[in-house]
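Some notes on the structure that comes next.
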Amino acid sequence: MKITVIGTGFVGVVSAAVYASFGHTVVGLDIDEKKVASLIKGKVPFYEPGLEELLLEQQATGNLSFTTSYATAVANADIVIIAVGTPSTPEGKANLSYLYAATKSLSKYLKEGAIVVVKSTVPPGTLSGVDEILAKTATVGYELASVPEFLKEGTAVYDTLNPDRVVIGATKKHVFEILSELHRPLNTTVIKVSPESAQMAKYAANAYLATRITFINQIADLCEHNGSDVQEVITAIGPDKRVGGHYWYPGFGYGGSCFPKDVKELAYYSRTVGEGHNLFNKINELNSERIDRLLLNYAEKIGGWKGKHVAVLGLSFKPNTDDMREAPSTKVIPWLAENKATIVGFDPKAGDAAKTVVADSGLKVVTSIKEAVKDADVIIALIEWDEIVAFDYGATKLDKKQFFIDARNQFNPSIITKWGYEYLGVGRE
Ligand SMILES: NC(=O)c1ccc[n+]([C@@H]2O[C@H](COP(=O)([O-])OP(=O)(O)OC[C@H]3O[C@@H](n4cnc5c(N)ncnc54)[C@H](O)[C@@H]3O)[C@@H](O)[C@H]2O)c1
């Protein structure tokens with residue numbers, strides 16, 4: 001099949017390369033000329049493990065190309081997949097302007113019978129907005145579908161090649177058939193539902209995961225009052241099959257490019273339909289205030305942040321990505337700066353990106369953990385990159401009182417304590 005993917009961000013590049021690897025002819029399109037120029041040269045403009053190798057491999061087969069031209073990309077496409085961003089507006093609503101702009105741009109080049117697939121995360125009902133725009137310009141018949149994406153940054157290539165399921169939202173039999181055929185090499189369960197259910201399922205999945213994080217954070221906060229250890233609590237609740245031992249991350253709250261914006265959209269949507277008295281608004285509120293709360297709490301334990309040298313380890317929103325969108329560091333660093341701490345940051349991949357994102361905070365970014373911790377009064381292990389978890393902090397212990405904040409409960413408290421640090425985790429002594 002001839003496939004065009006519009007938007008060559010995290011989702012777009014991965015999807016384009018994976019569809020190309022199935023033997024389809026794929027064109028990736030973006031309005032960002034720099035991004036496209038880089039992709040044409042075989043360079044992925046962000047860090048995602050394994051993606052550049054796949055990109056180069058597929059470019060070499062001739063199955064995968066990139067362009068900024070809608071005319072070139074859309075005119076021959078059997079399937080046009082839209083994977084542009086849908087960030088939050090200030091009120092928390094999903095901003096659909098990129099989606100609608102892309103729809104408008106592609107509308108005049110569609111070929112007869114092409115299927116326009118919305119892969120971006122969009123609120124239920126969005127396909128009618130897409131249809132309205134297409135109907136104004138398109139001179140041919142076309143079909144619409146919604147195929148939400150469930151990949152995780154950091155493991156995006158693996159996730160796309162090994163999905164737990166593919167959800168296809170459509171209304172016509174032949175559209176289900178063509179899109180099922182497209183995903184056949186994945187050998188996974190294909191769930192066929194209405195476009196609205198597919199869109200709602202994406203929000204439900206992300207909101208559920210955000211709820212788990214918020215829930216265990218609430219439990220962790222209670223553990224702090226009674227000497228229980230949230231990690232032991234997780235071990236004790238996990239074997240119950242109704243609960244499960246997976247996906248428990250007590251810490252500084254959820255961040256990243258998806259959970260915050262998707263929970264906000266669900267909260268916004270619920271308010272607009274008169275269902276605002278609900279969990280989603282509360283989760284959003286609890287998560288938004290979490291970092292402030294924790295840092296204030298730690299302030300008491302460390303004797304205040306003022307004048308402290310703080311090493312912040314892990315600046316991206318999670319390991320194995322350089323994505324800084326809603327990364328905890330973007331709240332932690334300005335907060336510390338405002339509270340008169342001196343901050344040195346380290347990240348295996350996101351150092352440069354962090355410099356731009358938290359530019360005004362006086363953050364000094366260094367290129368090794370050793371350099372980051374060399375004067376530290378407080379070490380905050382914020383993100384669990386392997387390199388950060390495996391580092392020998394015993395070898396860098398200074399001859400002064402030092403606190404070690406384990407923001408993701410990744411360390412063994414007794415080892416950190418044995419090395420001479422005051423260990424401070426989340427929901428554990
Ligand atoms: N990043 C993730 O982990 C993830 C996972 C699942 C779903 N999603 C969803 O997928 C969508 C894309 O997310 P992302 O992280 O890949 O976004 P991104 O910001 O990394 O990339 C979006 C790309 O779209 C391009 N773009 C914007 N307007 C355009 C237009 N009119 N024509 C062509 N290109 C245009 C931008 O230049 C950018 O390169 C979002 O709706 C997101 O919620 C993301």
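The first residue in the sequence is number 1, and the count goes up from there. FYI, side chains are in, hydrogens and waters are out, and symmetry mates aren't considered; it's all heavy atoms of this structure. Counting starts at 1 for both ligands and their atoms, following the listed order.
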Q.
Does any part of the side chain of P334, heavy atoms only, come nearer than 4.5 Å to the side chain of V358, both counted from C-beta?
A. yes

Q) Y142 versus V80: any side-chain heavy-atom pair under 4.5 Å? A) no

Any atoms of ligand 1 less than 4.0 Å from a non-hydrogen atom of [X]? List them with their elements.
X: E149; answer: 6 (C), 7 (C)
X: G7; answer: 23 (C), 24 (O), 25 (C), 34 (N)
X: Y98; answer: 27 (C), 28 (N), 31 (N)
X: I6; answer: 32 (N), 33 (C)

Q.
Under 4.0 Å between a side-chain nitrogen and a carboxylate oxygen: does that hold for D221 and R293?
A. yes

Q) Is the closest basic N to carboxylate O distance between K2 and D78 below 4.0 Å? A) no

Q. Would you say D386 has more than 12 foreign heavy atoms packed within less than 6.0 Å of its CG?
A. no

**Q.** Any donor-acceptor N or O pair under 3.5 Å, side chains W385, N320
**A.** no

Q | Any side-chain donor near an acceptor of the partner, N281 and N278, under 3.5 Å | A | yes

Nearest protein heavy atom to [atom], by residue and atom, and its distance?
atom: atom 9 (C) of ligand 1; answer: T121 OG1, 3.4 Å
atom: atom 22 (C) of ligand 1; answer: G85 N, 3.5 Å
atom: atom 26 (N) of ligand 1; answer: V84 CG1, 3.7 Å
atom: atom 44 (C) of ligand 1; answer: V11 CG2, 3.3 Å
atom: atom 32 (N) of ligand 1; answer: Y70 OH, 2.7 Å
atom: atom 41 (O) of ligand 1; answer: T86 OG1, 2.6 Å
atom: atom 5 (C) of ligand 1; answer: L151 O, 3.5 Å
atom: atom 15 (O) of ligand 1; answer: R325 NH2, 3.0 Å

Q: For a side chain to side chain contact (heavy atoms under 4.5 Å, CB included) with Y47, tell me which candidate from E52, K349, E153 qualifies.
A: K349

Q: May I ask you to establish whether R165 and F150 are in a cation-pi arrangement, using a distance under 6.0 Å from NZ or CZ to the six-membered ring centre and at most 45° from the ring axis?
A: yes

(Q) With a heavy-atom distance limit of 4.0 Å, tell me whether S257 approaches ligand 1 through its side chain, its backbone, both, or neither. (A) side chain

Q. Would you say K152 contacts ligand 1, with heavy atoms under 4.0 Å as the rule?
A. no

Q: For A83 and ligand 1, answer yes if some heavy atom of the residue is under 4.0 Å from a ligand atom, otherwise no.
A: yes

Q | Aromatic ring proximity Y421/Y423, centre distance under 6.0 Å | A | no

Q: Please determine if E153 has a nitrogen or oxygen closer than 3.5 Å to a nitrogen or oxygen of ligand 1.
A: yes

Q.
For Q199, run the side-chain hydrogen bond (donor to acceptor under 3.5 Å, both in side chains) check against S146, S120, S194 and tell me which one passes.
A. S146

Q | Candidate with minimal heavy-atom separation from atom 37 (O) of ligand 1, of L29, D30, I31 | A | D30

